[in-house]
Amino acid sequence: MSKIPYTGKSQQARQGQANQPTNVPADPLAPAEEFVPSENPLLEDPDALAARLAESEDFVRNNRSLLLGILAVVVLAVVGGFGYYTWRNQQDSKAQAIMFRAVNNWEADSLSKAIKGDGKAPGLTTVANEYGSTKAGNLANFYAGVASLKQGKFKEALDFLEDFSSDDYLVQSRAYSLMGDAQLELNKPKEAADLYAKAADHNANEFFSPGYLLKEGTARELAKDDEGAVKAYDRIITDYPTAQEVAEARQYKAKLEK
């Protein structure tokens, strides 16, 4: 008896196929002309599938070094990413512990100690510089920026606040506004007005945007941009008619349009 396996290419299969109708529907009740035989040779011909598998095995065998190298890179990337995530969390916890005393000094208006440290613990500047990639380090920039602004160190305040970012739209808007205050104190009303506008437009809302727009209008007046100031006041009147800043906006606009 033959030991040749029965496949779609064997003599028995060819003889069997020759005696079968070529258009037999899968559903006996379906019309024969609607039957469309599968065009995928892998489903009809096991030999083709075996050949494909052999080709895959040959590819793996011939490119073993390359594939192992790619696998090693992927593994290292996963391990490295996990390691970095763990390290960053540890750094953030350390930064929070260091910043605790600095924030207490900040809240007590001991601004110099808050920024530079009090001899017992580092200040916000240290936390911001050494742990800037952590959440605590990022927040230290905000605290240090506000403290520097209160101290009249406007350039330093601007530098700290520029390094701060937040997913909280209220806090980020506040940071833009504080940067505008610093620019205004540095006698740069145009730059200040742009930052106030940015604060107003950052997830605009009826609670804070009118106040930022009012500051924008004032800054544009200082920059001799009366047209821009009128536009800022008009936005308050039109977009936020119930805001308490509307009365001031009308008053300032009327003065410019005389």
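Keep in mind it's a predicted model, so treat the numbers as computed, not measured. Computed from heavy atoms alone, side chains included, the values below leave out hydrogens, waters and symmetry copies.
- Legend: residues meeting side chain to side chain contact (heavy atoms under 4.5 Å, CB included) with Thr218, ordered by chain and number and at least two apart, are Tyr233.
- Residues that satisfy the side chain to side chain donor-acceptor pair (under 3.5 Å) test with Tyr176, not counting sequence neighbours, are absent from this structure.
- Here the closest non-hydrogen pair linking Leu149 and Ala157 is N-CB, 3.6 Å.
- Scanning all heavy atoms of the two residues, the minimum distance from Ser165 to Gln172 falls at CA-OE1, 3.2 Å.
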Check residues 240-254 and write down every donor-acceptor pair under 3.5 Å in which the side-chain atom is one partner and the other belongs to a residue at least two apart or another chain.
{"from": "Glu248", "atom 1": "OE1", "to": "Tyr252", "atom 2": "OH", "distance (Å)": "3.4"}
{"from": "Lys253", "atom 1": "NZ", "to": "Asp234", "atom 2": "OD1", "distance (Å)": "2.5"}

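- Looking at Asp181 and Lys215, their side chains come closer than 4.5 Å, going by heavy atoms from C-beta outward.
- In this structure, CD1 in Ile115 is found 7.0 Å from CG in Leu124, a value given to the nearest 0.5 Å.
- Residues Asp201 and Arg235 are in side-chain contact: their nearest non-hydrogen atoms beyond the backbone lie under 4.5 Å apart.
- No more than 12 heavy-atom neighbours from other residues, nucleotides or ligands sit within 6.0 angstrom of CG on Asn187.
- Looking only at side-chain heavy atoms (C-beta outward), Asn138 and Tyr131 stay at 4.5 Å or farther from each other.
- As a member of the Ile/Leu/Val/Met/Phe/Trp/Tyr network built from side-chain separations under 4.5 Å, Tyr212 groups with Tyr169, Leu170, Phe207, Phe208.
- Linking Ile, Leu, Val, Met, Phe, Trp and Tyr whenever their side-chain heavy atoms come within less than 4.5 Å leaves Leu184 and Leu214 in two separate clusters.
- Residue pairs meeting the side chain to side chain donor-acceptor pair (under 3.5 Å) criterion with at least one partner in residues 147-157, sequence neighbours excluded, are Lys155-Asp159.
- Distance check, rounded to the nearest 0.5 Å: CG of Asp225 to NZ of Lys190 gives 8.0 Å.
- When the side chains of ILVMFWY residues are joined at heavy-atom separations under 4.5 Å, either directly or via intervening members, Leu178 and Leu186 end up in a single hydrophobic cluster.
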Determine, step by step, whether Leu111 and Lys113 satisfy the side-chain contact (heavy atoms from CB on, under 4.5 Å) criterion, reporting the C-alpha distance in whole Å, the side-chain angles of both residues, the deciding distance to 0.1 Å, and the verdict. CA-CA 5 Å; Leu111 301 181; Lys113 291 181 179 179; over 6 Å; no
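- A search for ring pair (Phe, Tyr, Trp, His ring centres under 6.0 Å) contacts involving Phe142 returns Phe164, not counting sequence neighbours.
- With contacts defined as side-chain heavy-atom distances shorter than 4.5 Å, the pair Leu158/Glu162 qualifies.
- Side-chain contact between Met179 and Gln183 is absent, with no heavy atoms from C-beta onward closer than 4.5 Å.
- Under the 4.5 Å side-chain criterion, counting only non-hydrogen atoms from C-beta, Met99 is in contact with Leu139.
- Rounding to the nearest 0.5 Å places CG of Leu195 at 11.5 Å from OG of Ser173.
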Can you list the steps and then say if Phe160 with Thr125 is a side-chain contact (heavy atoms from CB on, under 4.5 Å)? CA-CA 9 Å; Phe160 281 121; Thr125 301; 3.7 Å; yes
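- Here the straight-line distance linking atom CD1 of Ile236 with atom CD of Glu216 works out to 8.5 Å at 0.5 Å rounding.
- For the residue pair Ala229 and Arg220, the shortest heavy atom distance occurs at N-CB, 3.8 Å.
- Between Lys198 and Asp194 no salt bridge is recorded (no basic side-chain N to carboxylate O distance below 4.0 Å).
- What you find for Pro189 and Ala219 is that their closest heavy atoms are CB-O, 3.5 Å.
- Counting only heavy atoms from C-beta outward, the side chains of Leu161 and Asn141 never approach each other to under 4.5 Å.
- Minimum heavy-atom separation, Ala192 to Gly180: CB-O, 3.2 Å.
- Considering every non-hydrogen atom in both Ala136 and Val127, the closest pair reads O-CG1, 4.1 Å.
- The existence of a salt bridge linking Arg101 and Asp118 is confirmed by a sub-4.0 Å separation between a basic side-chain nitrogen and an acidic carboxylate oxygen.
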